[in-house]
Structures are given as C-alpha cells and as structure tokens.
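Note sheet for the following structure.
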2 protein chains.
Amino acid sequence: MARPPRYDTSLLLDAAVRLAAEGGPAAVTMAAVAKAVGAPSGSVYHRFPSRSALMAEVWLRTVERFQEGYVAVLTASGDPGQAAVAASRHVVAWSRTHREETALLLHGPEAFGRGAWSPEQAERADAGNRRLFGRIAALAAELGARHPAQTERVALALVDLPLALVRRHVRGGGLLPAHAEQLAADSTALLLSDL
Amino acid sequence: MARPPRYDTSLLLDAAVRLAAEGGPAAVTMAAVAKAVGAPSGSVYHRFPSRSALMAEVWLRTVERFQEGYVAVLTASGDPGQAAVAASRHVVAWSRTHREETALLLHGPEAFGRGAWSPEQAERADAGNRRLFGRIAALAAELGARHPAQTERVALALVDLPLALVRRHVRGGGLLPAHAEQLAADSTALLLSDL
DNA sequence: TCCGTTTTGGAGAGGTCTCTCTATTTAATT
DNA sequence: AATTAAATAGAGAGACCTCTCCAAAACGGA
C-alpha cells in the first residue's frame with residue numbers, strides 16, 4: 001500500500017553512531033547523516049522531526065543495548081560477589097567489541113542534547129537508569145551494604161571504575177590493553193572486599 | 001604608548017569558562033564570548049586568532065591550574081601511601097571548590113577541538129600530561145610497582161577513580177556529597193593496599 | 001601638543017546548519 | 001489499470017557562526 005522505505009530508521013541511526021564516534025556529537029548534523037547514507041536531508045526529517053529527536057534516539061538505542069547486556073550479566077550469577085566482578089569485566093569486554101558505541105556513550109547524554117529531549121525520551125532514559133541502579137542497589141544489599149554511602153561505593157566499583165578504565169584508553173583513540181578485563185575485575189573485587 | 005586594554009585575555013577566558021560550564025564546549029562561540037563581556041566580536045579576534053586558539057587556551061589554562069595543585073599535593077608528603085591518598089582526596093576537594101572548571105575539564109580536550117590546536121598548544125598539553133604521569137609513575141615505583149600493569153593501577157587509583165566519582169555527581173548537575181572525599185580516599189587506599 | 005601604537009567598535013561576506021515545503025516516485029491494494 | 005499511502009528528492013528561507021576589514025578612539029612619550 002505504500003512505497004517501501006529506502007533509508008529506514010536504523011540505517012540512519014547507524015550512520016549517526018559512526019559520525020558521533022568519529023567526530024563527537026557535534027558532528028552528528030542532519031546534513032552529515034543524510035550525506036553518510038546518500039539521502040537528501042528531507043528524508044532524514046521524514047524519520048525524525050528534529051535534530052534533537054535524532055540525537056535522543058541515537059543515545060537511547062545505544063545505551064539501552066549496553067544496559068541490556070549489563071543487567072543480564074548482573075543477574076546471571078547466584079553469588080553476588082561473582083556477579084559484581086562479572087559485571088565489571090563485562091563493561092570492559094563490551095567496550096572492546098563495541099568501539100564506536102563506547103566512544104559515543106563516553107560523551108554522556110548531555111552532549112546529545114538531553115535538555116531538549118521530548119518528555120517520552122527523557123523518561124525512557126530515566127527508566128533505564130532506574131532499572132540499572134535498582135539492580136545495583138539490590139546487589140549491594142546482598143553484599144551487605146546498609147548505608148547509602150556503601151551502596152554508592154558498590155556503584156562506583158561496578159560501573160564507574162570499569163568505565164574510567166575504558167575512558168582512559170578509548171579517549172586517546174587507542175585500543176584496550178589485553179589485561180584490562182583483569183584489572184577491572186581485580187579492582188572491583190578489592191573495592192568490595194571491605195564493605 | 002598605547003590605548004589600554006578593556007577586554008583582556010583573562011577576562012575573555014573567564015567568560016569562556018562560564019559558558020563552557022553552562023552549555024558545554026559548543027556554547028563557547030566567539031559571538032557568545034563577546035556578548036558575555038559586552039565586547040564586539042572584533043575584540044575577541046584581537047586576542048585570539050581563531051576559535052580553536054581560544055578553545056585551546058581555555059582548556060590549557062584550566063587543566064594547568066588543576067595540575068599545578070595536584071602535583072603539589074602529590075609531592076608534598078614524604079610517605080608515598082599518604083601522598084597517594086591525599087592526591088585522591090585533593091581531586092574531590094578541588095572539584096568542590098571549582099565547579100565550573102570541573103565541569104569544563106570533564107568534557108576532555110577533544111571536546112575543545114584538540115585536533116585543531118597549534119603545535120605549540122598541543123605540546124603544552126602533552127608536556128603537562130607527561131609531567132603528571134611522570135610523577136605518578138615515580139610514586140608507583142616507590143609504592144612497589146614493578147610492572148606497567150601495576151603502574152596503571154596506581155594511575156587508576158590516583159586519578160581516574162576520584163574523577164569518576166566527581167563525574168557521577170557533577171554530570172547530573174548536582175553537588176558533591178559531604179562524604180565524597182572520604183569515599184575517594186578509602187577507595188584509593190583499598191586499590192593500593194594489594195599492590 | 002602631536003605622534004605612534006594598541007585597542008575598540010562595528011559592519012558584513014561567506015559558510016553551514018536546521019527545518020519547511022512541494023512535487024514526484026513507488027508499490028501494494030482494489 | 002486506477003487508486004492511495006508512504007516515501008523520496010531537492011530547493012531554499014532564515015538563523016547563527018567564523019572571520020575579515022577598516023575607521024575611530026585612547027593613551028604614553030617626544
């Protein structure tokens with residue numbers, strides 16, 4: 001009943017991810033996305049009502065893909081200590097196999113215009129974060145955390161620490177060294193040893 | 001012998017820092033800087049030959065101010081373990097008292113157009129980083145590190161970890177909680193305990 | 001007082017980006 | 001074959017930004 005799409009949403013988002021990874025969020029212009037897939041700019045506006053809608057979607061799709069795998073690892077193991085270390089290791093391993101998406105995520109949602117997102121998109125981002133933090137808080141409780149400060153330390157050990165390790169290497173444009181997973185796992189275990 | 005300056009370099013850089021902290025590096029346009037200090041755009045170009053020269057200078061001045069204090073703390077104490085913990089604590093404390101500059105630094109040099117800097121400016125950035133990493137490597141050696149992987153762990157504990165803690169709170173626009181310094185110090189000490 | 005130098009003040013050329021609008025194409029359905 | 005909904009194709013208006021250029025202003029020194 002209608003002409004079949006030639007430049008569909010995911011194709012445009014793929015191009016946007018590539019552009020963001022190479023030149024940062026500022027390089028993701030509607031014109032650049034259109035050019036990257038060989039479409040006129042009008043076709044991009046046919047899929048996304050505005051640039052900030054596109055930016056939001058690029059961010060959300062990427063972060064949701066990451067969080068899906070991360071939460072799965074977090075809840076896979078029965079032993080909370082093992083789950084924690086596996087999660088930390090997973091962050092590094094995922095970054096290794098998803099270089100462009102990692103480079104994108106390291107910029108953070110603000111760089112993708114978070115302030116201008118639609119309420120629905122902002123809520124999607126919040127929901128993902130709530131879900132993630134909820135799991136981490138539950139794990140922290142299993143590990144014996146009783147004060148908010150202890151829960152924060154668990155979050156630091158499970159998310160921020162491996163991310164910091166990844167950032168150090170990816171920001172310089174380099175590859176992650178082979179021992180990065182081990183370093184992340186060891187560091188996380190150490191931070192949780194004294195909870 | 002000449003007309004006295006009305007908008008001097010540091011005044012323009014101050015405005016640029018404010019703009020970057022509020023709206024990210026993209027908000028630092030020549031027009032915005034000029035407007036912020038009430039000058040015509042020509043006066044900004046009188047001080048800086050191009051936008052990227054301004055961006056580089058904003059970044060360099062800020063990062064050099066931070067590194068100055070950090071290196072001082074790092075080398076102040078005789079005991080390497082104490083120096084390490086003090087350095088970690090200093091990162092958090094400095095962030096608390098320098099909110100705008102912290103927000104700026106968290107974006108990283110690439111966001112300030114590092115690729116387009118002049119060779120002299122790029123070298124200034126490199127020299128600062130070499131100096132900092134040199135001190136950390138020396139401290140790592142004092143702490144008993146023998147392999148590069150161990151030195152990396154020290155860098156993680158002394159720089160990336162406290163920065164990650166700061167990032168978590170500042171990125172959301174919030175204030176650092178009162179116990180942040182303590183958490184940074186404890187975490188750093190734990191990571192170094194098993195070197 | 002006059003000169004030389006630095007700086008201001010401001011207009012505007014040229015480029016890029018966002019977004020709009022309309023005409024045309026395409027293929028499934030009738 | 002005619003109809004119809006969805007999608008492409010592309011031109012262009014309007015905003016903003018970088019950077020240039022030149023005249024006017026302000027001060028110290030001769």
Side-chain angles (χ1 to χ4, degrees), chain A residues 1-59 107 110-118 121, chain B residues 1-59 107 110-118 121:
Chain A
M1 201 194 204
R3 177 175 179 171
R6 189 165 157 191
Y7 315 105
D8 75 338
T9 303
S10 70
L11 183 73
L12 298 178
L13 290 180
D14 292 344
V17 169
R18 222 174 306 130
L19 288 165
E22 279 170 30
V28 185
T29 68
M30 300 301 256
V33 171
K35 187 180 174 186
V37 301
S41 73
S43 295
V44 182
Y45 278 93
H46 184 70
R47 302 288 172 187
F48 301 98
S50 67
R51 178 175 183 251
S52 62
L54 168 71
M55 296 292 269
E57 219 55 46
V58 173
W59 172 264
H107 285 102
E110 292 79 13
F112 286 81
R114 153 135 224 181
W117 293 358
S118 75
Q121 290 172 322
Chain B
M1 201 193 202
R3 178 173 179 172
R6 190 165 158 194
Y7 315 105
D8 75 338
T9 303
S10 70
L11 184 73
L12 297 177
L13 289 179
D14 291 344
V17 169
R18 223 174 306 131
L19 289 166
E22 278 171 30
V28 185
T29 67
M30 299 301 256
V33 171
K35 187 180 174 187
V37 302
S41 72
S43 295
V44 182
Y45 279 94
H46 185 70
R47 303 287 173 188
F48 300 98
S50 68
R51 177 174 184 252
S52 63
L54 168 72
M55 296 292 270
E57 218 57 43
V58 174
W59 172 264
H107 285 101
E110 291 79 13
F112 286 82
R114 153 136 224 182
W117 293 357
S118 74
Q121 290 172 322

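In what follows, every chain begins at residue 1, and chains take the letters A, B, ... in the order their sequences are listed. In this text the structure is predicted, and so the values were computed from the model without any measurement.
From A:T29, atom OG1 reaches atom CE of A:M55 across 9.5 Å, with rounding to the nearest 0.5 Å. The CG atom of B:L12 lies 11.5 Å from the CD atom of B:E57; values are rounded to the nearest 0.5 Å.
For B:R6, whose side chain is taken as the heavy atoms from C-beta onward, the closest listed nucleotide among C:dA11, C:dT18, C:dT8 is C:dT8.
Taking atom CG of residue B:D8 and atom P of nucleotide C:dT6, one finds them 16 Å apart after rounding to whole Å. Whole-Å rounding puts the A:R47 CZ to D:dA6 P distance at 11 Å. In this structure, CZ of B:R3 is placed 15 Å from C1' of C:dG4, rounded to the nearest angstrom. As a whole-Å value, the separation of A:Y7 OH from D:dA9 C1' is 9 Å. What separates CE of B:M55 from C1' of D:dC17 is a distance of 13 Å, to the nearest Å. Put simply, CG on A:L12 is 12 Å from P on D:dA7, counting in whole angstrom units. One atom, CE of A:M30, and another, P of C:dC21, lie 15 Å apart when rounded to the nearest Å. Taking atom OH of B:Y45 as the reference point, atom C1' of D:dT20 lies 10 Å away to the nearest angstrom.
A residue-by-residue look at A:S41 and A:H46 shows that A:H46 has its nearest nucleotide of DNA chain D further toward the 5' end. Between B:A2 and B:G42, the one whose closest nucleotide on DNA chain D sits nearer the 5' end is B:G42.
B:R6 contributes no side-chain N or O that, together with a main-chain N or O of B:A39, makes up a donor-acceptor pair within less than 3.5 Å.
Contact annotation for A:P40: base contact, defined as any heavy-atom pair under 4.0 Å involving a base atom.
Classified by interplanar angle (parallel below 30°, tilted 30° to 60°, perpendicular above 60°), the ring pair A:W59/A:F112 is tilted.
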